[in-house]
Amino acid sequence: MLAGLFERLEATYGDLGWWPARDAFEVAVGAVLTQNTAWRNVERAMAGLTEAGLLDPAAMGDAPHETLAEAIRPAGYFNVKTRRLQALCAAWRAAGGAEGLAARETPSLRAYLLDIHGVGRETADDIVLYAFYRPVFVVDAYTYRILGRYGWLDDEPPYEGLRERLETTLAGTPQAYQHYHAYLVELGKEHCRPRPRCAECPVTDLCGKRGVAAGQG
DNA sequence: CTCCAGTGAA
DNA sequence: TTCACGGGAG
């Protein structure tokens with residue numbers, strides 16, 4: 001019963017205030033910047049972009065590599081992320097901006113985003129869910145780790161299969177999926193870490209692998 | 001599987 | 001000092 005897990009997480013965390021952004025483009029930029037990067041550092045990079053006047057598809061897309069790289073430096077991987085952001089800008093403009101993208105059906109939107117250099121499945125689904133409010137469960141490393149320990153995963157199902165299975169099981173609204181993903185990230189950071197801290201975990205009584213020796217989970 | 005890279009907590 | 005980070009490409 002996954003529903004029970006998410007009910008408990010909702011009771012524990014409520015609204016975590018995800019995803020802080022002013023518009024769809026800002027969500028997409030944040031999604032690229034946060035790849036394997038702490039959100040704290042993404043906030044600094046976003047501030048750098050605002051300060052440099054680059055938080056805009058045209059300005060960012062036309063900026064010199066060095067200029068953009070310098071602005072996003074705190075987020076790390078600044079050279080690869082600069083190329084990815086500029087690929088994002090090119091695709092964003094070619095699609096007719098946020099309006100053009102919003103006009104697409106969800107499968108078409110996902111496919112279009114996945115075609116962009118630097119936009120993988122999780123980044124695409126972040127954008128689809130948080131920028132365009134489509135009902136998509138964002139699967140990430142936390143999802144595999146938490147649900148695996150929880151005892152809900154058979155072994156290690158492929159991304160798409162797991163995503164569809166979760167969406168079928170939960171049948172949630174976009175808002176529900178926005179919260180669910182935030183809950184798993186929070187739980188994964190605070191308790192269900194690589195080395196689990198089960199002692200103060202809010203869902204330990206529901207977990208199939210509670211009491212597992214810390215070190216290998 | 002290996003880079004990419006800065007930042008703060010443990 | 002190591003570890004971990006709202007991952008993805010080559």
Side-chain angles (χ1 to χ4, degrees), chain A residues 6 9 13 15-22 24-49 51 65-66 68-91 110-134 136-147 149 156 158-160 162-163 166 174-200 214-217:
Chain A
F6 287 107
L9 291 172
Y13 295 123
D15 187 349
L16 291 171
W18 274 43
W19 180 298
R22 289 170 39 260
F25 180 69
E26 203 171 299
V27 172
V29 170
V32 169
L33 290 176
T34 198
Q35 290 168 359
N36 202 40
T37 299
W39 187 256
R40 192 179 330 282
N41 297 331
V42 174
E43 291 180 315
R44 291 184 176 144
M46 296 293 295
L49 289 171
E51 203 173 332
H65 179 98
E66 303 299 331
L68 183 51
E70 184 59 28
I72 67 169
R73 180 193 218 93
Y77 309 113
F78 48 82
N79 282 316
V80 292
K81 285 178 179 174
T82 291
R83 286 179 223 118
R84 291 176 186 182
L85 286 176
Q86 296 202 304
L88 173 72
C89 290
R110 288 189 85 245
Y112 186 81
L113 293 172
L114 279 171
D115 222 39
I116 302 170
H117 172 86
V119 177
R121 292 171 301 193
E122 184 180 342
T123 302
D125 285 337
D126 279 338
I127 298 169
V128 168
L129 175 62
Y130 291 101
F132 295 101
Y133 312 103
R134 308 300 172 83
V136 164
F137 192 105
V138 178
V139 173
D140 62 357
Y142 292 118
T143 310
Y144 280 97
R145 191 163 78 207
I146 293 169
L147 296 185
R149 287 175 177 166
E156 182 148 323
Y159 184 99
E160 294 299 334
L162 177 56
R163 182 174 66 77
L166 284 165
Q175 285 194 338
Y177 290 129
Q178 290 186 358
H179 288 158
Y180 294 167
H181 180 231
Y183 295 154
L184 293 184
V185 172
E186 188 64 18
L187 188 69
K189 280 161 56 172
E190 298 300 317
H191 301 98
C192 208
R193 301 160 64 95
R195 300 182 179 188
R197 297 181 180 177
C198 302
E200 298 172 27
Q216 298 299 329

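Every heavy atom of this structure was used, including side-chain atoms; hydrogens, water molecules and symmetry mates were not. Residue numbering restarts at 1 for every chain, and letters A, B, ... go by the order of the sequence lines.
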Contact interval (first through last nucleotide) of DNA chain C with protein chain A, 4.0 Å heavy-atom: dA4(C) to dG10(C)
Separation between the P atoms of dG6(C) and dA10(B), rounded to whole Å: 14 Å
Can you give me every donor-acceptor pair (side chain of residues 139-146 of chain A, partner residue at least two apart or in another chain, under 3.5 Å) with its distance?
unit_1	atom_1	unit_2	atom_2	d
D140(A)	OD1	Y142(A)	N	3.2
D140(A)	OD1	T143(A)	N	2.9
D140(A)	OD1	T143(A)	OG1	2.6
D140(A)	OD2	H181(A)	NE2	3.2
T143(A)	OG1	D140(A)	N	3.1
Y144(A)	OH	P157(A)	O	2.9
Y144(A)	OH	Y159(A)	N	3.1
R145(A)	NE	C192(A)	O	2.8
R145(A)	NH2	G188(A)	O	3.1
R145(A)	NH2	C192(A)	O	2.9

5' priority, DNA chain C, between G17(A) and V119(A) [closest heavy atom]: G17(A)
Any donor-acceptor N/O pair, R40(A) side chain to A38(A) backbone, under 3.5 Å: no
Side chain to side chain, E200(A) and H191(A), heavy atoms closer than 4.5 Å: yes
Interatomic distance where CD belongs to Q35(A) and P belongs to dT2(B) [whole Å]: 20 Å
Candidate pair N41(A) and L33(A), rule side chain to side chain contact (heavy atoms under 4.5 Å, CB included), full reasoning: CA-CA 9 Å; N41(A) 297 331; L33(A) 290 176; over 6 Å; no
Nucleotide dG6(B), atom P - distance to NZ of K81(A) in whole Å: 11 Å
Pairwise C1' distance, dC3(C) and dA5(B) [rounded to whole Å]: 15 Å
Touch class at under 4.0 angstrom, heavy-atom based, for N41(A) against every strand present: base
5′-ward residue of the pair R197(A)/F78(A) relative to DNA chain B: F78(A)
Nearest-angstrom distance, C1' atom, dA9(C) to dT7(B): 24 Å
Ring geometry between F137(A) and F6(A) (parallel below 30°, tilted from 30 to 60°, perpendicular above 60°): perpendicular
C1'-based separation of dC4(B) from dA4(C) [nearest Å]: 15 Å
Length of the line joining N36(A):CG and dC3(B):C1', which is rounded to integer Å: 11 Å
Sugar-phosphate only, base, or nothing, as touched by G76(A) at under 4.0 Å among non-hydrogen atoms: base
Presence of N79(A) side-chain N/O under 4.0 Å of dA5(B) phosphate oxygens OP1/OP2: yes
Ring geometry between Y177(A) and Y180(A) (parallel below 30°, tilted from 30 to 60°, perpendicular above 60°): perpendicular
Pairing of R163(A) and E160(A) as salt bridge, 4.0 angstrom limit: yes
First of V80(A) and R40(A) reached from the 5' end of DNA chain B, by closest nucleotide: V80(A)
Integer-rounded Å distance: dA10(B) C1' and R193(A) CZ: 8 Å
Separation of atom CZ in R73(A) from atom P in dC4(B), rounded to whole Å: 15 Å
